[in-house]
Amino acid sequence: MPGEVRVRFAPSPTGLPHIGNIRTALFNWLFARHNGGKFIVRVEDTDQARLVPGSIEAMLDGLRWLNIDWDEGPEVGGDYGPYFQSERLDIYQEMADRLVSQGNAYHCYCSQKPPADDDQRQRDRRVSASADCQCRDLSQEEGSKLSAAQESKVIRFAMPKDGITRVNDLIRGEVEWRNETLNDFIIMKFDGFPTYHLAVVADDHLMEISHVMRAEEWLPSTPRHLQLFEALGFEPPKFAHLPMIMGPDRAKLSKRHGATAIGEYIVDGYLPEALLNFMVLLGWSLDDKTDVVSSQTVTDNFTLDRVTKSSAIFDQKKLLWMNGMYIRELTPDQLAAAMTPFLERDLPKDMLPVDEEYLRRIAPLLQERIKRLDESADITEYFFRANETFNTDDLVQKGMDRDSTLSALNAALDDLSGADDFQHEKLEEMLTATGEKLELSRRQFFGVLRVAATGRAVSPPLFEMMEVMGKDRTVSRVNNAVERFSAAG
RNA sequence: GCCCCGGUCGUCUAGCCUGGUCCAGGACGCCACCCUUUCAAGGUGGAGAUCAUGGGAUCGAAGCCCAUCCGGGGUACCA
């Protein structure tokens with residue numbers, strides 16, 4: 001099927017899935033979906049030393065959480081597998097051997113150890129690490145003598161010494177390098193594993209990848225890949241280098257910038273839709289005014305000409321706002337369901353399990369007041385708690401004293417225990433009248449009641465809250481406040 | 001050092017290709033006011049960008065050309 005869009009996300013299992021990687025996955029996925037193509041996940045596990053168990057599972061979980069689905073790859077298979085590079089070793093070996101026999105690559109007999117730490121020249125980056133290698137110029141006899149003396153699987157690519165390598169990047173336009181500035185990079189390592197460079201080229205060709213979309217940090221290795229494609233006689237895919245995501249200090253986003261693993265956003269109570277929307281805006285825009293945009297609208301409109309060239313700083317504040325927007329768009333039932341796991345995690349065990357029906361009625365009261373789901377327990381706790389332990393001095397409002405506070409409390413208690421209709425409009429009507437009789441401002445009277453009912457100075461609207469709590473709970477709480485306040489006096 | 005990419009309000013960005021309608025628009029954040037039983041949410045308004053800098057071609061530039069500066073990335077038997 002020529003012309004079909006096939007893009008891949010190629011994570012390497014070396015740690016927790018990073019926001020930057022996920023963003024790359026997201027753009028690839030959007031591009032595939034926009035063009036009716038295929039989105040493929042391929043695991044680049046060619047570095048045995050850095051392999052971290054569980055990281056691929058975490059990555060896939062992250063994608064699933066964001067609703068990013070893949071057409072080929074781990075768990076789903078596909079016609080171009082295997083999708084783990086560690087299971088494709090013979091393919092790379094064969095290609096490397098072919099390059100050697102064609103004269104496009106050569107065995108290297110230099111140091112079998114990783115570059116020494118004390119190589120001052122390399123550390124200063126004054127010179128490329130491969131500068132000392134003379135193996136390219138070995139004669140036939142010298143070569144066979146060395147290969148007899150020591151087995152070496154290390155193979156370097158023989159970069160053309162002149163000429164220019166160009167790429168027409170879909171985001172950046174023409175970029176070119178003088179080949180003389182490129183070194184003879186390694187394509188096969190001593191352990192028989194390929195390096196990234198060989199493996200990507202081999203697999204992108206074999207898997208018929210049409211577009212390579214990856215972060216800008218890969219741009220410098222593109223000419224190497226292009227030369228490999230050429231030497232192997234493969235048609236290269238199109239390239240698009242995405243802007244990078246930076247921390248507040250403008251350096252590449254990393255652990256020291258705080259939450260960078262996708263798992264942290266799940267645990268902190270962000271909604272997947274919000275995170276996705278926010279990440280889309282890091283490098284792409286629909287127009288000059290749209291911020292909140294559905295993933296359907298994004299896929300409908302996702303084109304590379306609307307991707308920015310410059311890197312973007314990850315602004316946690318805007319993400320938080322975005323999350324609030326999405327929380328407010330939930331139905332009460334959805335909100336309640338989303339809060340449940342957080343309540344189960346954070347509420348004291350004796351308040352569990354939560355009454356789902358009750359929670360569904362509580363949810364609307366918090367919807368405009370919560371920005372992250374991990375606030376759930378703190379913001380709803382008093383709905384579930386039996387006894388309050390707040391400081392009763394907090395009951396006394398500005399301009400009031402202990403006596404007026406106590407009579408306010410008692411008057412309200414009378415009203416509430418006599419009420420047969422706990423509808424919030426009725427409660428407000430009744431207590432407003434009582435407050436007027438007591439010659440208290442709404443602020444004062446309701447302030448006292450708010451603390452009595454919740455133990456806090458800040459809460460959702462008082463009467464709607466009482467309605468949800470119901471008569472028994474409300475009366476009991478106010479009564480409790482009266483008793484504790486009297487006792488404290 | 002060398003190679004490459006980038007540079008519009010603090011931040012994300014629109015506009016740049018197809019110069020005039022841009023003394024630069026939106027959003028987050030910040031400030032004020034309105035609403036109001038607290039907190040939010042919402043509404044209104046405000047501060048905030050000599051379009052990195054300097055030249056040039058043009059009647060006219062954020063937009064075109066050149067130079068410079070700054071930022072970032074790469075320079076591994078890591079991806």
Side-chain angles (χ1 to χ4, degrees), chain A residues 10-14 21 44-47 49-50 108 110-115 121-122 124-130 152-156 169 171-173 175-178 181-183 185-191 193-197 199-200 214-223 241 243-244 246 248 250-252 278 281-292 305-306 308-322 324 328 366-371 379 397 428 431-432 435 441-451 454 456-463:
Chain A
S12 66
T14 52
N21 295 132
E44 312 232 319
D45 52 349
T46 53
D47 186 351
R50 293 202 311 156
C108 171
C110 298
S111 166
Q112 295 289 302
K113 301 183 302 261
R121 293 194 315 155
Q122 192 197 332
D124 291 349
R125 299 284 145 143
R126 281 202 204 93
V127 84
S128 168
S130 63
S152 175
K153 290 180 172 152
V154 177
I155 298 175
R156 284 184 189 275
D169 189 275
I171 291 170
R172 276 148 229 286
V175 183
E176 57 180 50
W177 295 262
R178 297 195 316 277
T181 66
L182 274 11
N183 69 344
F185 57 100
I186 288 175
I187 57 177
M188 285 297 276
K189 305 189 257 191
F190 82 100
D191 61 0
F193 274 69
T195 57
Y196 169 83
H197 303 299
V200 244
R214 52 183 12 170
E216 194 195 340
E217 55 192 304
W218 295 108
L219 188 54
S221 52
T222 304
H241 287 92
M244 302 205 302
M246 317 297 251
R250 298 199 161 278
K252 197 166 150 182
F278 176 74
L281 263 22
L282 252 30
W284 182 86
S285 62
L286 177 64
D287 54 33
D288 58 343
K289 49 178 73 74
T290 308
D291 283 295
V292 179
D305 61 340
R306 295 210 61 83
T308 329
K309 292 184 175 77
S310 52
S311 53
I313 292 173
F314 193 90
D315 181 6
Q316 225 96 19
K317 289 249 185 71
K318 187 160 184 176
L319 205 211
L320 191 61
W321 165 78
M322 183 77 75
R328 273 169 254 135
L366 310 172
Q367 196 144 19
E368 294 173 347
R369 300 177 168 76
I370 182 172
K371 288 194 165 167
I379 205 173
Q397 302 296 296
E428 176 162 9
L431 288 162
T432 298
S441 69
R442 291 164 74 81
R443 191 185 192 97
Q444 290 173 317
F445 188 39
F446 299 162
V448 175
L449 295 183
R450 181 184 317 284
V451 175
T454 68
R456 307 184 180 199
V458 171
S459 82
L462 185 58
F463 305 109

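Chain identifiers are assigned alphabetically (A, B, ...) following the order of the sequence lines, protein sequences preceding nucleic acid strands; residue numbering begins at 1 within each chain.
Counting only N and O atoms by type, the side chains of A:R214 and A:H241 include a donor and acceptor under 3.5 Å apart.
Remark: B:C9 base-pairs with no nucleotide; criterion is Watson-Crick or G-U wobble with both hydrogen-bond distances under 3.5 Å. Pairing for B:A14 is absent, with no Watson-Crick or G-U wobble pair whose two atom distances lie under 3.5 Å. Figure legend. B:A41 is base-paired to no nucleotide; pairs are counted as Watson-Crick or G-U wobble with both atom distances under 3.5 Å. Nucleotide B:G29 has no partner under the Watson-Crick or G-U criteria, as no pair reaches both atom distances under 3.5 Å. With both pairing distances under 3.5 Å, B:A67 is matched to B:U53 as a Watson-Crick or G-U wobble pair. Nucleotide B:G48: unpaired (no Watson-Crick or G-U wobble partner with both distances less than 3.5 Å). Checking B:G20 for Watson-Crick or G-U wobble geometry (two distances, each under 3.5 Å) identifies B:C59 as its partner.
The OH atom of A:Y196 sits 10 Å away from the P atom of B:A79 (whole-angstrom rounding). Between the CD1 atom of A:I313 and the C1' atom of B:U13 there is a distance of 13 Å, given to the nearest Å. For the pair A:N183 CG and B:C2 P, the computed distance is 17 Å after rounding to whole Å. Taking atom CD1 of A:I155 as the reference point, atom P of B:C77 lies 14 Å away to the nearest angstrom. Going from atom CG of A:L320 over to atom P of B:C12 covers 18 Å, rounded to whole Å. Rounding to whole angstrom units, CZ of residue A:R214 and C1' of B:C78 are separated by 14 Å. Taking atom CG on A:L282 and atom C1' on B:C12, their separation rounds to 7 Å, with Å as the unit.
Using a 4.5 Å cut-off on side-chain heavy atoms (C-beta onward), A:V458 and A:R369 make no contact.
Between B:G6 and B:U13, the distance separating the two P atoms is 15 Å to the nearest Å. Distance noted for atom C1' between B:C2 and B:C64: 31 Å (whole Å). Taking atom P in both B:U68 and B:G1, one finds a spacing of 15 Å when rounded to whole Å. Taking atom P in both B:A24 and B:U53, the straight-line distance is 15 Å, to the nearest Å. Between the C1' atoms of B:G73 and B:C30, the separation comes to 33 Å (whole Å). Taking atom C1' in both B:U18 and B:A62, one finds a spacing of 16 Å when rounded to whole Å. As rounded to the nearest Å, B:C39 and B:A49 have P atoms that lie 32 Å from one another. If you take atom P in B:A14 and the same atom in B:G60, they sit 29 Å apart, rounded to whole Å.
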All N/O contacts under 3.5 Å from nucleotides 4-8 of chain B to the protein, with atom names and distances to one decimal?
residue, atom, partner, partner atom, Å
B:C5, O2', A:R172, NH1, 2.7
B:C5, O2', A:E216, OE2, 2.8

All N/O pairs under 3.5 Å across the protein-nucleotides 64-68 of chain B interface:
none

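Applying the ring pair (Phe, Tyr, Trp, His ring centres under 6.0 Å) criterion to A:F445, with sequence neighbours excluded, gives no partner residue. By the side-chain contact (heavy atoms from CB on, under 4.5 Å) test, A:T432 is found to be paired with A:E428, A:E436, A:R442, A:F446, residues two or more places apart in sequence or in another chain being considered. Looking at residues two or more places apart in sequence or on another chain, you find a salt bridge (Lys or Arg N to Asp or Glu O under 4.0 Å) between A:E217 and A:K252.
With RNA chain B read from its 5' end, the first of the two nearest nucleotides for A:S285 and A:H197 is the one closest to A:S285. Residue whose closest nucleotide on RNA chain B sits further toward the 5' end, between A:T181 and A:R306: A:T181.
No donor-acceptor pair closer than 3.5 Å links the side chain of A:K153 to the backbone N or O of A:F193. Side chain of A:R250 to main chain of A:I313: no donor-acceptor pair is present (N/O by atom type, distance under 3.5 Å, no hydrogens or angles). For A:R156 (side chain) and A:F185 (main-chain N/O), no donor-acceptor pair under 3.5 Å exists by modelled atom type. Under a 3.5 Å cut-off, the side chain of A:T222 and the backbone N or O of A:W218 do form a donor-acceptor pair. Listed for the A:T195 side chain is a donor-acceptor partner under 3.5 Å among the backbone atoms of A:I186. Formation of a donor-acceptor pair under 3.5 Å by the A:R456 side chain with backbone atoms of A:R450 is not found in this model.
Centroid-to-centroid, the aromatic rings of A:W321 and A:F278 stay 6.0 Å apart or farther.
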**Study point:** Protein proximity profile, nucleotides 25-44 of chain B - base contact B, sugar-phosphate-only contact S, no contact -, cut-off 4.0 Å on heavy atoms
**Key:** BSBSS-------BBBBSS--
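Across all strands shown, A:M188 has no heavy atoms under 4.0 Å from either base or sugar-phosphate atoms. Within the 4.0 angstrom heavy-atom criterion, only backbone atoms of the sugar-phosphate kind lie near A:T46; the bases stay farther away. Across all strands shown, A:M322 has no heavy atoms under 4.0 Å from either base or sugar-phosphate atoms. Nucleic acid contact for A:G283: sugar-phosphate only, since backbone atoms but no base atoms lie under 4.0 Å from a heavy atom of the residue.
Checked for salt-bridge contact, A:D291 and A:K318 meet the test: a charged N lies under 4.0 Å from a carboxylate O.
For the OP1/OP2 pair of B:A79 and a distance below 4.0 Å, the side-chain nitrogens and oxygens of A:K189 include at least one atom meeting the criterion.
Scanning all heavy atoms of the two residues, the minimum distance from A:A199 to A:P194 falls at CB-CG, 4.1 Å.
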